Amino acid sequence: VLPPLNRQLLRGSDGTALLSGPPSCEQHSSFQRDSRSSRCVSFSRDGTLFGWCNGLNVSVVKSSDGSVVSTLDLPKTSLLDFSPLNNVLATWQPYSKPKDSVQGEANLQLWDLWSGQLIKALYQKKVDSWCPSWSEDEKLSVRSVNNELHFYENNDFNVIANKLHMQKVSDFALSPGGQPNKVAVYVPGSKGAPSFVRLYQYPVLGGPTAALANKSFFKADRVSMQWNKKASAVLVTASTEVDKSGASYYGEQTLHFLSASGETALVQLQKTGPIYDVVWSPNSSEFCVVYGFMPAKATVYSLKCDPLFDFGTGPRNAAYYSPQGHILVLAGFGNLRGQMEVWDAKKYKQVSKPQAPDATHFSWCPDGEHVVTATCSPRLRVSNGYKIWHYTGSVLLKQDAAAGSELWEVRWQPFPEGSFPERAIKYQAAPSDLGTTEATPTQAYRPPAMRHLPATPSSKLHEEELPQNLRPGEKRISKAALKNQQKRENKKAAKQEAKPEPEPPSDSALSISQSKLSSGDPETDRKIKNVKKKLKAIEELKDQQASGKVLQKNQLEKLQKEDQLLKELEELQIC
């Protein structure tokens, strides 16, 4: 059975398009590009439908053939989403109240997707958590109303089946999957009382013993709550707007763990500083945290909050597991240079280290083989476009936005879990006409007066920490040992750099250079040595070009000087 075909949705100033791919991304034959700029786009959870609003109406079509499912006259719609089984379409527009009206129009509408009939119109002033949260079977849905949680059953939004009311429920997260349904709720602290997160199992919501787990903490202006896929545990990132110690302008963050069986813990991070990203592995048994002042650390933890593997330090602020969970990408986007580290998530072995400078978006293709990076407006209004990569670092497609247009959003078509089986990980770069963009190792700056002297281990602003396995039973390396290991590697690199340059490889083009080893004139010998050094560098560039690497403009200019250098070498050796 052939795997399903992936598709990609693009939204920009020149309209909305559906592409087929990867590796090549061509216009989907059954969907005509909408040339009007769209306010929002969304795929259904299974990817069979997608909808968008182009400022005139909301349209929903089938992804397979582009046939229209529903069209709604809702020109002001800014957000839309589908219920898990595609029975309900939710649309939201900014709340507004006319001057002569006591109350504005209901701005959250729930529609029967297939008949186009309005199920319920509700008021939702805040854009945060605007859409109701559904269970996977749609038997339960939840929304936050005036610091309460309202529960609805079987998509009947005319009857509130249950309520959860505490002091002030500020945020919630409904568990993924089917029954029994659980919900995590956050109540911010006030008047000296701590903030707390509690887990409940529906419909048991009242009484002192109703909570499955409870975790209280100070220093929290807001939280982010993430369930794992099996709905067995929640990670809570608590953040403050201001770090009162003055150590960071990011504020202050702490990471907390709650299990549905009642265990709670504060996750002990091994470096002080901000928490940039927290992600669950799709296997639900471990999670990765990117944290600490730059260069940031990245560590994988178990369900007991014990560290399993430490990736060391590096320029990174995000982590992305593949849909199958077999590959982990650590990346540094935003104010960092776009370096990506691709790791085998089971063997903890690095696969590739490509670079995507100026990327504002990253996402995995459902097949677990490809990723997309994009530069989108309004984050960056220049050099908009996207690249399709193989995880081994090869660029398979590079597409720039048309002149005068902007790219706003890129989305993969989602697929049901299990549509793409896990494949064996490859370590050799996939073939590509565009080559790879492996990050070149950076060297410390050396003043011109010292460049002719042997290199010495340079002192660095930060001590780099190397990756190490922290699983129980594995030999752990102390910080002192890691520093010594790094110093030894630096010394070894310095010795290699200080060694005299080897003679360039003998071939027909360089046979003249081998014919005369010394001219008897020190000045001529020095010139010969310099020319040979340049020819050796050209040979290395030719090898890189033959292996598929895309050379830069200055490197191509060097290649063009080979004949000139050979002629110069011949004249020097005749003298």
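Keep in mind that what you see is a predicted model, and the values were worked out from it rather than measured.
Pro132 approaches Leu110 most closely through the heavy-atom pair CG-CD2, 4.2 Å. Closest approach of Arg11 and Ser38 over heavy atoms only: NH1-O, 2.7 Å. The minimum heavy-atom distance linking Tyr348 with Glu286 is given by the pair OH-OE2, 3.7 Å. What you find for Pro84 and Ser135 is that their closest heavy atoms are CG-O, 3.4 Å. When every heavy atom of Cys53 is checked against every heavy atom of Thr77, the shortest pair comes out as SG-O, 3.6 Å. Closest approach of Leu113 to Ser70, counting heavy atoms only: O-CB, 3.5 Å.
Here the NZ-OG distance, from Lys304 to Ser259, works out to 12.0 Å after rounding to the nearest 0.5 Å. With values rounded to the nearest 0.5 angstrom, Gln253 atom CD is found 11.0 Å from Ser224 atom OG. Taking NZ of Lys120 as the reference point, atom CG of Asn155 lies at 13.5 Å (rounded to 0.5 Å). Between atom OG of residue Ser42 and atom CG of residue Leu9 there is a gap of 9.0 Å, rounded to the nearest 0.5 Å. In this structure, CG in Leu397 is found 5.0 Å from OH in Tyr386, a value given to the nearest 0.5 Å. Between atom CZ of residue Arg381 and atom OG1 of residue Thr375 there is a gap of 14.0 Å, rounded to the nearest 0.5 Å.
A donor-acceptor pair under 3.5 Å is formed between the side chain of Arg39 and the backbone N or O of Lys76. With Gln117 contributing its side chain and Ile119 its backbone, the two residues share no donor-acceptor pair below 3.5 Å.
The shortest distance between side-chain heavy atoms of Glu153 and Tyr202 falls below 4.5 Å. Taking the side chain as every heavy atom from C-beta outward, Val329 and Trp364 approach each other to under 4.5 Å. Leu49 has its side chain out of reach of Phe43: every pair of non-hydrogen atoms, C-beta onward, lies at least 4.5 Å apart. Between Val169 and Glu148 the shortest side-chain heavy-atom distance does not fall below 4.5 Å. Between Glu422 and Lys346, some side-chain heavy-atom pair lies under the 4.5 Å cut-off. With a 4.5 Å cut-off on side-chain heavy atoms, His361 and Phe333 do not count as touching. Proximity of Leu266 to Thr254: side-chain heavy atoms (C-beta onward) are separated by under 4.5 Å at one or more points. Side chains of Leu269 and Ile275 form a contact here, defined as non-hydrogen atoms less than 4.5 Å apart.
Within a 6.0 Å sphere centred on CZ of Arg379, heavy atoms belonging to other residues, nucleotides or ligands number 12 at most. Residue Glu417 places its CD atom among 12 or fewer non-hydrogen atoms of other residues, nucleotides or ligands, all under 6.0 Å distant. Within a 6.0 Å sphere centred on CD of Glu138, other residues, nucleotides and ligands contribute more than 12 heavy atoms.
Residue Met225 forms a side chain to side chain contact (heavy atoms under 4.5 Å, CB included) with just one option from Val183, Val185, Val234, and that option is Val234.
Figure legend: cation-pi geometry between Arg198 and Tyr200 absent, as NZ or CZ is not positioned both under 6.0 Å from the six-membered ring centre and within 45° of its axis.
Not a single ring pair (Phe, Tyr, Trp, His ring centres under 6.0 Å) links Tyr391 to another residue, sequence neighbours left out. Take Trp52 and apply the ring pair (Phe, Tyr, Trp, His ring centres under 6.0 Å) test, not counting sequence neighbours, and it matches Phe31, Phe50. Looking at residues two or more places apart in sequence or on another chain, you find no ring pair (Phe, Tyr, Trp, His ring centres under 6.0 Å) involving Tyr321. Contacts of Tyr123 classified as side chain to side chain contact (heavy atoms under 4.5 Å, CB included), with partners at least two apart in sequence or in another chain: Tyr95, Gln103, Ala106. Listed by chain and residue number, His256 satisfy the ring pair (Phe, Tyr, Trp, His ring centres under 6.0 Å) test with Phe217 (two or more places apart in sequence, or in another chain). Applying the salt bridge (Lys or Arg N to Asp or Glu O under 4.0 Å) rule to Asp34 yields the partners Arg36; only residues at least two apart in sequence or on another chain are considered.
Between Trp280 and Phe257, the ring planes lie tilted relative to each other; the angle falls in the 30° to 60° range.
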Q | Candidate pair Phe311 and Val300, rule side chain to side chain contact (heavy atoms under 4.5 Å, CB included), full reasoning | A | CA-CA 8 Å; Phe311 294 95; Val300 173; 3.5 Å; yes

Q.
Set out, in order, the CA-CA distance, both residues' side-chain angles and the distance that settles side chain to side chain contact (heavy atoms under 4.5 Å, CB included) for Val41 and Glu409, then state yes or no.
A. CA-CA 9 Å; Val41 295; Glu409 189 176 2; 3.5 Å; yes

Q) For Asn107 and Trp130, what are the C-alpha separation, side-chain angles and deciding distance, and is it a side-chain hydrogen bond (donor to acceptor under 3.5 Å, both in side chains)? A) CA-CA 10 Å; Asn107 60 323; Trp130 70 272; over 6 Å; no

(Q) Under the criterion side chain to side chain contact (heavy atoms under 4.5 Å, CB included), I'd like the reasoning laid out for Tyr301 against Leu235: C-alpha separation, chi angles, the key distance, then a yes or no. (A) CA-CA 12 Å; Tyr301 291 86; Leu235 289 171; over 6 Å; no

Q | Worked verdict on Trp114 versus Val69 for side chain to side chain contact (heavy atoms under 4.5 Å, CB included) | A | CA-CA 7 Å; Trp114 302 97; Val69 173; 3.4 Å; yes

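Checking Ser144 against Ser129 by side-chain atom types alone, no donor-acceptor pair falls below 3.5 Å. For the 3.5 Å distance criterion, the side chains of Thr71 and Asn57 fail to qualify, holding no donor opposite an acceptor. Side-chain polar atoms of Thr91 and Gln93 form no donor-acceptor pair below 3.5 angstrom.
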